[in-house]
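Both backbone and side-chain heavy atoms feed into the values below; hydrogens, waters and symmetry mates do not. Letters go in sequence order (proteins before strands), and every chain restarts at 1.
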Protein chains: 2
Amino acid sequence: MEDRISKGELTRTRILDLAEEAVLQKGFAATSLDELISAAGITKSGFFYHFKDKSELAKHMFVRYMEREDEIFADLEARADALSDDPLHSTLILLKMLADMLADLPETHPGCLVASYCYQHQLFNDEIRRLNEDSVLTWRAFFLRRLERIAEVYPNPEVNLRAMADLALTFIEGGIILSKTLRQKELLPELLLMYRDYVRRVFSPV
Amino acid sequence: MEDRISKGELTRTRILDLAEEAVLQKGFAATSLDELISAAGITKSGFFYHFKDKSELAKHMFVRYMEREDEIFADLEARADALSDDPLHSTLILLKMLADMLADLPETHPGCLVASYCYQHQLFNDEIRRLNEDSVLTWRAFFLRRLERIAEVYPNPEVNLRAMADLALTFIEGGIILSKTLRQKELLPELLLMYRDYVRRVFSPV
DNA sequence: TCCATTTTCGTACCTTTGGTACAGTTTTTC
DNA sequence: GAAAAACTGTACCAAAGGTACGAAAATGGA
């Protein structure tokens with residue numbers, strides 16, 4: 001009938017939620033299984049029923065994180081594209097919506113798993129490192145696709161679209177670090193709006 | 001006679017070098033003391049003679065890291081200012097030299113301790129968190145000071161200088177993550193040159 | 001050369017953590 | 001009501017961070 005979520009699925013979600021929060025605050029190695037199982041209200045055996053070892057936890061945590069981010073971006077894209085047929089305009093809307101979303105967070109942005117894993121890459125196996133790399137490439141492709149569509153309408157031969165797509169990620173990752181370190185949540189949306197401004201200037205006819 | 005470096009100082013430097021490299025690759029918690037002492041060729045007691053606990057290691061490592069960075073920036077600044085009296089021009093030179101320096105690194109940038117600590121803040125005490133915050137504020141002040149001098153000569157009322165200073169850090173931190181994750185060392189200098197370009201466009205009279 | 005300080009080693013011990021192994025039990029679900 | 005799913009309990013292991021403290025080199029200056 002309804003979209004039933006099995007009990008196991010719920011427990012797994014609970015573990016992953018707790019793990020993600022802990023990892024973003026103190027790193028993967030310092031996130032102890034004991035801490036997770038007691039917070040999740042299960043036992044060690046229960047944990048190992050769901051994840052065959054800690055590295056499986058890392059992998060599933062990351063995959064889930066990326067799926068959620070992808071959903072968010074797909075949703076923003078759909079909403080932005082619904083509001084304007086002009087590729088430049090709709091991308092500016094998208095960036096504004098993203099900035100608003102980040103500004104509306106109750107606290108400072110908790111952090112990005114890509115950055116966290118990047119600064120602990122030696123802890124992870126090749127599969128996870130590959131996943132991390134792929135996720136960055138996916139984001140780059142997302143922005144690049146939109147920038148290319150803009151460039152078709154507003155050609156600007158001087159601009160390196162790939163570098164400009166990378167810039168979006170740079171703003172996000174760098175902005176999170178700035179926001180987190182200074183504990184000022186406004187910094188991240190402010191920076192994103194600067195990126196938006198930059199995109200507008202580059203493509204807008206003077 | 002010469003600037004003698006005591007044996008203890010040498011050992012401490014060796015420990016800090018090893019620790020910094022390990023921390024940037026797998027995080028602080030995963031960097032074991034046993035690993036450091038065996039690599040440094042000392043014993044556990046030897047380690048605890050130099051650092052009263054692991055948290056002292058974290059602190060000294062960070063302080064030393066920031067001193068080195070400060071030196072690098074002070075040196076770049078001195079060299080850039082020697083080449084031009086015009087504040088805009090000398091800052092553009094500074095950014096170019098920084099980009100060149102990063103491009104000349106033999107490998108991908110090893111990472112920034114500010115970002116590493118930021119993503120593991122819960123591991124550290126207030127003193128270290130404060131140090132981390134202060135270091136970002138110092139960098140912001142460094143760039144802000146230069147931007148203000150530029151703005152005196154090339155006024156642009158539309159621009160938020162503080163946000164533009166933060167942008168420099170954002171480019172660096174975000175660029176490191178991008179470079180490290182994709183294992184492409186060219187990305188970081190490329191991004192820095194984009195920041196340089198941005199600064200030039202903002203202040204250059206059309 | 002002697003003496004004090006600095007630097008390092010040896011050893012023993014304690015707790016937490018990740019991980020393994022595996023048998024047993026309760027809950028769901030069909 | 002039976003099979004599959006979702007756990008629990010117990011016992012064990014090696015490695016890690018840390019503590020404590022006494023002894024021994026090494027070094028540096030008088």
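The side chain of B:His50 places no N or O atom within less than 4.0 Å of a non-bridging phosphate oxygen (OP1 or OP2) of C:dT7. Residue A:Tyr49 places no side-chain N or O under 4.0 Å from the OP1 or OP2 atom of D:dC7. Regarding contacts with the backbone of C:dT7, every side-chain N or O of B:Thr11 stays at 4.0 angstrom or more from both OP1 and OP2.
In this structure, the side chains of A:Thr43 and A:Ile37 stay at 4.5 Å or more apart for every pair of heavy atoms. Within the 4.5 Å cutoff, side-chain heavy atoms of B:Arg145 are placed close to those of B:Glu77. Side-chain atoms of A:Leu193 and A:Glu190, non-hydrogen and from C-beta on, never get closer than 4.5 Å to each other.
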Open item on the list: Could you walk me through whether A:Leu167 and A:Tyr198 satisfy the side-chain contact (heavy atoms from CB on, under 4.5 Å) test, starting with their C-alpha distance in whole Å, then the side-chain angles of each, then the deciding distance to 0.1 Å, before giving a yes or no?
Closed with: CA-CA 10 Å; A:Leu167 207 53; A:Tyr198 177 67; 3.5 Å; yes
TODO: Check the pair A:Phe171 / A:Tyr195 against ring pair (Phe, Tyr, Trp, His ring centres under 6.0 Å), numbers first and verdict last.
DONE: CA-CA 7 Å; A:Phe171 271 73; A:Tyr195 178 69; 5.3 Å; yes
- [ ] Classify every nucleotide of nucleotides 14-21 of chain D by which part a protein heavy atom approaches to under 4.0 Å, writing B for the base, S for the sugar-phosphate alone and - for neither, in 5'-to-3' order.
- [x] --SBBB--
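Counting to the nearest Å, the C1' atom of D:dA5 and the CZ atom of A:Arg12 are 10 Å from each other. The distance between atom CD of A:Glu56 and atom P of C:dG19, rounded to the nearest whole Å, is 11 Å. Taking atom CD1 of residue A:Ile42 and atom P of nucleotide D:dA5, one finds them 18 Å apart after rounding to whole Å. When rounded to the nearest whole Å, the span between CG of A:Leu10 and P of D:dA6 equals 10 Å.
Within residues 16-23 of chain B, no residue is approached by DNA chain D to less than 4.0 Å at the level of any non-hydrogen atom.
Judged as a side-chain hydrogen bond (donor to acceptor under 3.5 Å, both in side chains), the pairs with a partner in residues 173-183 of chain B (not counting sequence neighbours) are, in order, A:Glu133-B:Arg183.
Under the 30°/60° scheme for interplanar angles, the aromatic rings of B:Tyr117 and B:Phe124 are found to lie parallel.
Closest approach of B:Leu169 and B:Arg140 over heavy atoms only: CD1-N, 4.1 Å.
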